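Quick note on labels: first sequence line is chain A, next is B, and so on, each numbered from 1. Worth saying up front: this structure is predicted, and the values here are computed from it rather than measured.
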There are 2 protein chains.
Amino acid sequence: MTGRTIGARTTVRLTLTEYAVLGLLGGLARPISGYDLRKLIESSVGFIWQPSKTQVYVVLPRLVGMGLATRREVEQRDRPDKQLYRITPRGRSAVRAWLDADEDSSDPDRSILLLKLFFGAQADRQALVRQLIAFRDAYASRLAVYRSMRPAAADTAAGASDEFTALTLNYGIARARAAVDWANAALKELDR
Amino acid sequence: MTGRTIGARTTVRLTLTEYAVLGLLGGLARPISGYDLRKLIESSVGFIWQPSKTQVYVVLPRLVGMGLATRREVEQRDRPDKQLYRITPRGRSAVRAWLDADEDSSDPDRSILLLKLFFGAQADRQALVRQLIAFRDAYASRLAVYRSMRPAAADTAAGASDEFTALTLNYGIARARAAVDWANAALKELDR
DNA sequence: GGATCCATGTAACGGGTTACATGATTCG
DNA sequence: CGAATCATGTAACCCGTTACATGGATCC
């Protein structure tokens, strides 16, 4: 047994990559190889989150070691043998627990929420909504802070603060606003 | 001499944090302590980039070791002594070189550009504009990719792809669009 | 005959965070 | 009297990336 299993089967804490990979396994009907998983990532979650190619090969065996996935070797002629991975029940409940747990989301930028949302089909609706609201609120209050900074940044009279501060601040504002708007739209979607 | 000085005074490659700290030093008229620098960060670049508090104390001496900053100790009664740091000419040219160099910006998200722009007063205008354009274009082509993925994501007929993929994709689109719009506005600003 | 696809992994490095440590002074 | 402010640093850890390594089969 490799590290991190606390007691018999208490809560497991995984890295983001581990959760993501596990989440992907959880969404599949049939086992998959590391190689194919990488391709799947590229054509799906890729735009939110993407690990380095070797990371996948490191994480998969680790999941097996923790009893969250199983591995089966498939021999092939004409091409290299491959390892097929499949999620276990314990794996499923680990993903589920992660998806449902509220993140202490002081920093919404890291977009764990987005990753979770991507796996929404495996999650509890209510938990998702709760987290989406937290996400939106975090960005909203950030937005408020940025806006309050604006006059100070534009303050060219004092000579010190310059146009560049204002420029970058505007970016922060634009991003935050986009996030808030999107979150509201998403919440409406989920409500239907 | 600590590592990284290649030859006599060839180009120095620093970490992002090092550049950022150096950039801050470069914008100041008088030397500053690590403690005050942290506070300065909080009330300025903070919204774009923020290192952990201890990181500052690690980086500052390192800069001194590389000859990019100098340190002077100031004794104080009634409160702990402090170290004041000031940028050196070599430090200035290091920041300058960094600011002016084009980033191979496959990943615009890391927002090195934003940090650079924040230090715009110390940079070459043309170089800045060039990089801003690259930034915008990177996001624009990303935006195009996302948009092309949209129908596939919405494809609930096939049963496979679900609403959640579409939802997260929308976020990517919203962000990218915000970035492009902002970049265009910023370019207009810089043109005046 | 050279690039690309399949397929998996190890080792080293790197950048950064968290936790820990210390200690006087001032403010409420 | 306790909390916050000033002020700086070390050590351990963590997650992840880059570079390196291998090798047959197929496509152009």
Side-chain angles (χ1 to χ4, degrees), chain A residues 2-4 12-22 31-43 48-66 69 71-85 98 104 106-107 109-112 115, chain B residues 2-4 12-22 31-43 49-66 69 71-85 104 106-107 109-112 115:
Chain A
T2 332
R4 266 176 309 171
V12 212
R13 276 239 75 203
L14 305 179
T15 67
L16 194 62
T17 312
E18 284 165 348
Y19 279 124
V21 167
L22 211 50
I32 193 171
S33 68
Y35 189 86
D36 286 335
L37 189 61
R38 273 170 42 213
K39 300 215 301 187
L40 176 63
I41 289 171
E42 264 170 52
S43 65
I48 293 179
W49 160 90
Q50 198 156 25
S52 81
K53 105 177 199 249
T54 42
Q55 206 31 17
V56 170
Y57 291 113
V58 174
V59 163
L60 282 171
R62 213 148 67 191
L63 292 176
V64 173
M66 290 185 280
R71 170 217 292 245
R72 178 166 56 93
E73 178 150 22
V74 174
E75 279 169 47
Q76 295 182 120
R77 24 187 172 122
D78 296 358
R79 49 180 72 186
D81 296 353
K82 58 177 169 180
Q83 318 287 330
L84 295 186
Y85 294 87
W98 173 63
D104 54 271
S106 46
D107 175 20
D109 268 351
R110 272 194 74 209
S111 74
I112 296 177
L115 195 55
Chain B
T2 333
R4 264 176 312 171
V12 212
R13 276 240 75 204
L14 305 178
T15 67
L16 194 62
T17 311
E18 285 165 346
Y19 280 125
V21 167
L22 212 49
I32 192 172
S33 70
Y35 189 85
D36 286 335
L37 189 62
R38 273 170 42 212
K39 300 215 301 188
L40 176 63
I41 290 171
E42 264 171 51
S43 67
W49 160 91
Q50 200 158 24
S52 81
K53 105 174 199 254
T54 42
Q55 210 24 23
V56 170
Y57 291 112
V58 174
V59 163
L60 282 170
R62 214 149 66 192
L63 293 176
V64 173
M66 292 185 279
R71 171 218 289 245
R72 177 165 58 91
E73 179 149 21
V74 174
E75 280 169 45
Q76 297 182 119
R77 25 188 170 121
D78 296 358
R79 49 182 71 189
D81 296 351
K82 58 178 168 179
Q83 318 287 330
L84 295 186
Y85 294 87
D104 55 89
S106 47
D107 175 19
D109 267 351
R110 270 194 78 207
S111 74
I112 297 177
L115 196 54

Visitor: Please name all residues satisfying ring pair (Phe, Tyr, Trp, His ring centres under 6.0 Å) with B/Y19, sequence neighbours left out, ordered by chain then number.
Guide: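 Result, ring pair (Phe, Tyr, Trp, His ring centres under 6.0 Å) vs B/Y19: B/W98.
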
Visitor: Mind checking what makes side-chain contact (heavy atoms from CB on, under 4.5 Å) contact with A/Y57, not counting sequence neighbours?
Guide: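 side-chain contact (heavy atoms from CB on, under 4.5 Å) list for A/Y57, sorted by chain: A/Y35, A/R38.
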
Visitor: What protein N or O atoms touch nucleotides 22-26 of chain C N or O atoms at under 3.5 angstrom, if any, and at what distances?
Guide:
none

Visitor: Taking only residues two or more places apart in sequence or in another chain, which ones pass side-chain contact (heavy atoms from CB on, under 4.5 Å) with A/R72?
Guide: A/P31, A/V74, A/L84

Visitor: In whole Å, what is the span from the CH2 atom of A/W49 to the P atom of D/dC15?
Guide: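 Rounding to the nearest Å, CH2 of A/W49 and P of D/dC15 are 14 Å apart.
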
Visitor: Nearest to the side chain of A/K53, heavy atoms from C-beta on, is which of D/dT8, D/dA21, C/dG15?
Guide: D/dA21

Visitor: Between B/Q76 and D/dA7, does any side-chain N or O lie under 4.0 Å from OP1 or OP2?
Guide: yes

Visitor: To the nearest angstrom, how far is B/I41 atom CD1 from C/dG16 atom P?
Guide: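 To the nearest whole Å, that distance equals 12 Å.
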
Visitor: Within a radius of less than 6.0 Å around CD of A/E73, do more than 12 heavy atoms belonging to other residues, nucleotides or ligands occur?
Guide: yes

Visitor: So what is the end-to-end bend of the helix from C/dG1-D/dC28 to C/dG28-D/dC1, with 5 pairs used at each end and the value given to 10 degrees?
Guide: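 Comparing the first five pairs with the last five, the axes sit 50° apart.
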
Visitor: With sequence neighbours excluded, what pairs up with B/E42 under the side-chain contact (heavy atoms from CB on, under 4.5 Å) test?
Guide: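 Checked B/E42 against side-chain contact (heavy atoms from CB on, under 4.5 Å); matches are B/Q50.
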
Visitor: Can you tell me which nucleotide in C/dG16, D/dT8, D/dA7 comes closest to the side chain of B/D36?
Guide: D/dA7

Visitor: Do any side-chain nitrogens or oxygens of B/Y57 fall under 4.0 Å of OP1 or OP2 in D/dT8?
Guide: yes

Visitor: Choosing from D/dT10, C/dA7, D/dT8, which nucleotide comes nearest the side chain of B/V58?
Guide: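 The closest nucleotide is D/dT10.
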
Visitor: Once you round it to whole Å, what is the distance between C1' of D/dA7 and CZ of B/R72?
Guide: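 These atoms are roughly 16 Å apart.
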
Visitor: For B/P51 and B/V56, which heavy atoms make the closest approach, and how far apart are they?
Guide: CG-CG2, 4.0 Å

Visitor: Would you say D/dC15 has OP1 or OP2 under 4.0 Å from some side-chain N or O of A/Q55?
Guide: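 False: A/Q55 side-chain N/O out of range (4.0 Å or more) of D/dC15 OP1/OP2.
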
Visitor: Counting only side-chain nitrogens and oxygens, does A/Y35 get under 4.0 Å of the OP1 or OP2 atom of C/dA7?
Guide: no

Visitor: Counting the atoms with a prime plus P, OP1 and OP2 as sugar-phosphate, which does B/T17 contact under 4.0 Å by heavy atoms, base, sugar-phosphate, or nothing?
Guide: sugar-phosphate

Visitor: Within the structure shown, what part of the strands sits under 4.0 Å from B/Y85 by heavy-atom distance: base, sugar-phosphate, or nothing?
Guide: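 The residue B/Y85 makes sugar-phosphate contact but no base contact.
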
Visitor: If only atom types and distance count, is the side chain of A/E18 paired as donor or acceptor with the main-chain N or O of A/T15 below 3.5 Å?
Guide: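 Flag set: sc A/E18 to bb A/T15 pair under 3.5 Å.
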
Visitor: Quick check on C/dT17: is either OP1 or OP2 less than 4.0 Å from any side-chain nitrogen or oxygen of B/T54?
Guide: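 No, B/T54 has no side-chain N/O under 4.0 Å of OP1/OP2 on C/dT17.
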
Visitor: Minimum heavy-atom separation for A/Q76 to A/D81, with atom names?
Guide: N-OD1, 2.9 Å

Visitor: Tell me the interatomic distance from B/R13, atom CZ, to C/dC13, atom P, rounded to whole angstroms.
Guide: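 In whole Å, C/dC13 P and B/R13 CZ are 18 Å from each other.
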
Visitor: For B/K39, report the nucleic acid contact type (base, sugar-phosphate, nothing); a contact means any heavy atom under 4.0 Å.
Guide: sugar-phosphate

Visitor: Any side-chain heavy-atom pair from B/V58 and B/T17 closer than 4.5 angstrom?
Guide: no

